[in-house]
Amino acid sequence: MLPLLPVFICLMTAILQCFFWFLPLGKKILHITAAFFLLAAVIWVYYSTLGNHYLILQMGNYPAPFGITFVIDKLSAIMLLVTAFMGLSVALYSLVDRDLIRHSTIFYPTYWFLLAGICGGFSTGDLFNLYVWFEIMLISSFILMTLSDYKIQLDGTLKYVVLNLIATILMLSAIAMLYGITGTLNMAAMSAKLLEINASNLIVSAAALLCLAFAIKAAVFPLFFWLPASYHTTSVSASAIFAAMLTKVGVYALIRVFTLLFIKESYFLHPLMLGAAGLTMLTGVLGAAAQHNLRRILSFHIISQIGYMLMGLAIFTPLAMTATLFFMIHNIIVKTNLFLISGIVRRVKGSFNITRLGGILQNAPFLSFLFFISAFSLAGSPPLSGFWGKLFLLKAAFVQSHFFLAAIALSVSFLTLYSMTKIWHQVFWKAETENGHYGIKPLRLAEKIFMFSPVVLLIILTLYLSFSPQFLFQASNQASIELFNPQNYISAILRSGS
Amino acid sequence: MTILLCWTAGGLVAISVYLMLSRQLMCWLFGIVILTSTVNLVIFIAGRLQTANPPFVPAHLLVPSQPVANPLPQALILTAIVISFGLLAFTLVLVRKVWQGFNTLDSDNLRLAEPVSRGYHGEETH
């Protein structure tokens, strides 16, 4: 039952939240308790996957290629772990989020449905089941995105809905094609079949459709327009959990299909990915340079960093994959933290517009310190976690002589530093402007506790990854070794339960 | 029969792509409606069409004696129909709210989240 535990906790919490519909305090207590339970369960799952174990559960005891398989390998376990940490942080913040005061009744259950979708996506070993979890994630994120009082979020949600609906339809048609080719939906069985079948054109067209769908989800270069149009329009809690997980689920799905299903088609897909990676990095960071809204700058940086993850995936060596996983975990932590900090900045100064902000360094030095660590970790300054991620990625690129891509990655890193310096200067360092508020608005005690505790938790994680990166490096290294030996995964699943 | 259904699916995709390229959101929505139905058809074709018997095995046999229909695509299509119905219902309500809020459904005029003027103070969020 262990592989089902994270999904089960999320779904049960979502249902229980509906029973507490008119009890605000009960909802909040349940919300936090469940977040801690999820974290504990996921740590248990993580430690069960150490060694050479796959956690496999065949639903209804159907033997492997016939039923739905839940399988947790090391990659899934790491992703679940980071999901639980982000779920806890954003859950703490959402208790005092002002945008949600009138909507908390709906926010809490939907938040848990979203986490259920994310955890399900990471745990499933069945392609159609993956589609179902994606849809659960999608409909929950639609609802979370529309929960605030401003007209602007209708516009943002619309753009988000338009592109993501098309992505899921493309994904479903690709799954239909793969099912038509192989006759199975179990990813392990499908992988074994795809290696035997000699119909390269057919598989390439299905692969292209599936990668297109996941690339829209992951906000890859020509397909990212929904992201900067929507993330800055919603509540801070919703944008933080979206920034943390939604695009990374797309990257996770890309990693999964590249290492498991489309191994033979790499001659076609990898050059395409290399180009997309470079362009994603560049457009993201250049888009950010033109913005003056704090959350829009951060949204464009999400795109830019997706490019780094794709770069590791496209280079496709074990070292590059390790670097991608390391970078992805680091990026999830830091990016969530920056969105939460932007929420605190808005709370104390009343705006997201960096030209109207200023003077936070004098008034709130601790907040400035927290931002400083996260921002410069994002940019990749040497002692911090972003540096290690980029170092491994660049090393992988140089070893495979992708010099041009490495040069792009380095220059994008400089531009990221420029962007972070811009925020640091405009929001924190500069004296207060005459059209902004003077001083900072005081926070209530509850707000201080629940706004700062998640940020401090994430800062501690960032510093831990910065000064002791070997834990995560080894974990991602083992995961990447597993990914490069898919035959173990396949035989483990097809053997179990039969 | 399979060939006919394949061409039908292709034609429907062409129609839906044409509709989705429209600037009018209602046209886009109808394009999505057609596309989701077409994908259901594609799943049906992917499961192979058989003019066959229902997938039952007689009590005294281990395998069916005649060719039988594939039951899996029906389950997949049913799931996909339910999911797309939920998503389309949400999208329809969203489009209606947009119409109420902005008094237009022309996507070129919906620029509140991404304003055209890049003035120095032009990007206040709320």
Side-chain angles (χ1 to χ4, degrees), chain A residues 66 99 128-129 131-132 134-136 138-139 142-143 146 148-162 164-166 168-173 175-181 183-185 225 228-230 232-233 290-296 346 350-356 435, chain B residues 9 13 16-17 20 25 28-29 31-32 34-48 70 72-73 75-77 79-80 82-84 86-91 93-102 105 107 109-115 118-126:
Chain A
F66 301 113
D99 294 334
F128 193 81
N129 197 232
Y131 160 77
V132 175
F134 263 90
E135 294 287 10
I136 291 174
L138 200 64
I139 191 97
F142 289 171
I143 294 168
T146 43
S148 61
D149 294 324
Y150 307 107
K151 197 172 141 188
I152 188 176
Q153 36 98 10
L154 283 178
D155 191 17
T157 312
L158 189 71
K159 283 155 190 173
Y160 179 76
V161 167
V162 166
N164 278 284
L165 266 186
I166 294 173
T168 50
I169 295 171
L170 291 181
M171 178 178 171
L172 188 57
S173 50
I175 291 172
M177 285 172 77
L178 284 171
Y179 172 64
I181 296 168
T184 177
L185 287 164
F225 293 99
S230 58
H232 65 291
T233 62
Q291 301 302 325
H292 299 288
N293 180 312
L294 192 48
R295 281 201 290 176
R296 283 202 88 185
R346 208 275 301 267
S351 175
F352 279 121
N353 188 327
I354 62 169
T355 54
R356 295 193 184 179
N435 54 1
Chain B
V13 168
S16 63
V17 168
M20 283 195 297
L25 284 172
W28 168 81
L29 191 61
I32 286 284
I34 294 176
L35 194 60
T36 48
S37 317
T38 315
V39 171
N40 292 340
L41 194 60
V42 172
I43 299 176
F44 195 56
I45 302 167
R48 304 294 189 275
N70 185 353
L72 188 60
L76 300 184
I77 291 171
T79 314
V82 173
I83 289 174
S84 61
L87 287 174
L88 288 174
F90 180 89
T91 315
V93 174
L94 182 70
V95 169
R96 186 179 148 78
K97 291 283 276 184
V98 169
W99 166 254
Q100 285 174 338
F102 294 85
L105 283 181
S107 51
N109 294 331
L110 295 171
R111 297 304 301 257
L112 191 61
E114 296 174 290
R118 216 175 52 71
Y120 211 52
H121 295 291
E123 298 208 5
E124 183 63 29
T125 312
H126 303 137

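None of these values were measured; they are calculated from a predicted model. Each chain gets a letter, A, B and so on, in the order the sequences are listed, and its residues count up from 1.
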Minimal non-hydrogen separation, [X] against [Y], with atom names:
{"X": "A/Tyr179", "Y": "B/Pro73", "result": "OH-CD, 3.9 Å"}
{"X": "A/Ile166", "Y": "B/Trp28", "result": "CD1-NE1, 4.0 Å"}
{"X": "B/Ala46", "Y": "A/Ala176", "result": "CB-O, 3.1 Å"}
{"X": "A/Asp155", "Y": "B/Arg111", "result": "OD2-C, 3.7 Å"}
{"X": "B/Val39", "Y": "A/Ser173", "result": "CG1-N, 3.8 Å"}
{"X": "B/Phe102", "Y": "A/Leu154", "result": "CE1-CB, 4.1 Å"}

For the [atom1] atom of [X] and the [atom2] atom of [Y], what is their distance to the nearest 0.5 Å?
{"X": "A/Gln153", "Y": "B/Leu112", "atom1": "CD", "atom2": "CG", "value": "10.0 Å"}
{"X": "B/Glu114", "Y": "A/Ile152", "atom1": "CD", "atom2": "CD1", "value": "9.5 Å"}
{"X": "B/Gln100", "Y": "A/Lys151", "atom1": "CD", "atom2": "NZ", "value": "11.5 Å"}
{"X": "A/Leu165", "Y": "B/Thr91", "atom1": "CG", "atom2": "OG1", "value": "4.5 Å"}
{"X": "A/Leu158", "Y": "B/Leu94", "atom1": "CG", "atom2": "CG", "value": "5.5 Å"}

Evaluate the criterion side chain to side chain contact (heavy atoms under 4.5 Å, CB included) for residue pair A/Tyr131 and B/Thr79; output intermediate values, then yes/no.
CA-CA 10 Å; A/Tyr131 160 77; B/Thr79 314; 5.7 Å; no

Proximity breakdown for B/Leu25 and chain A, heavy-atom pairs closer than 4.5 Å:
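The side chain, not the backbone.
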
Side chain to side chain contact (heavy atoms under 4.5 Å, CB included) for B/Ile83 and A/Leu172? Distances and angles first, verdict last.
CA-CA 11 Å; B/Ile83 289 174; A/Leu172 188 57; over 6 Å; no

Counting heavy-atom pairs under 4.5 Å to chain A, which of B/Leu72, B/Thr38, B/Leu29, B/Asn40 comes out on top?
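Of the candidates given, the most pairs with chain A belong to B/Leu72.
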
In terms of heavy-atom pairs under 4.5 Å, which option from B/Leu110, B/Ile43, B/Val42 contacts chain A the most?
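Most pairs with chain A among the choices: B/Leu110.
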
Walk me through it: do B/Phe90 and A/Thr146 pass the test side chain to side chain contact (heavy atoms under 4.5 Å, CB included)?
CA-CA 11 Å; B/Phe90 180 89; A/Thr146 43; 4.3 Å; yes

Using non-hydrogen atoms only, which part of A/Phe142 is less than 4.5 Å away from chain B: side chain, backbone, both, or neither?
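Contact with chain B involves both backbone and side-chain atoms of A/Phe142.
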
Contact part of A/Ile143 toward chain B, heavy-atom cut-off under 4.5 Å: side chain, backbone, both or neither?
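Contact with chain B is through both the backbone and side chain of A/Ile143.
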
Please determine whether side chain to side chain contact (heavy atoms under 4.5 Å, CB included) holds for the pair A/Ile175 and B/Leu76, giving the CA-CA distance in whole Å, both sets of side-chain angles, and the decisive distance to 0.1 Å.
CA-CA 11 Å; A/Ile175 291 172; B/Leu76 300 184; over 6 Å; no

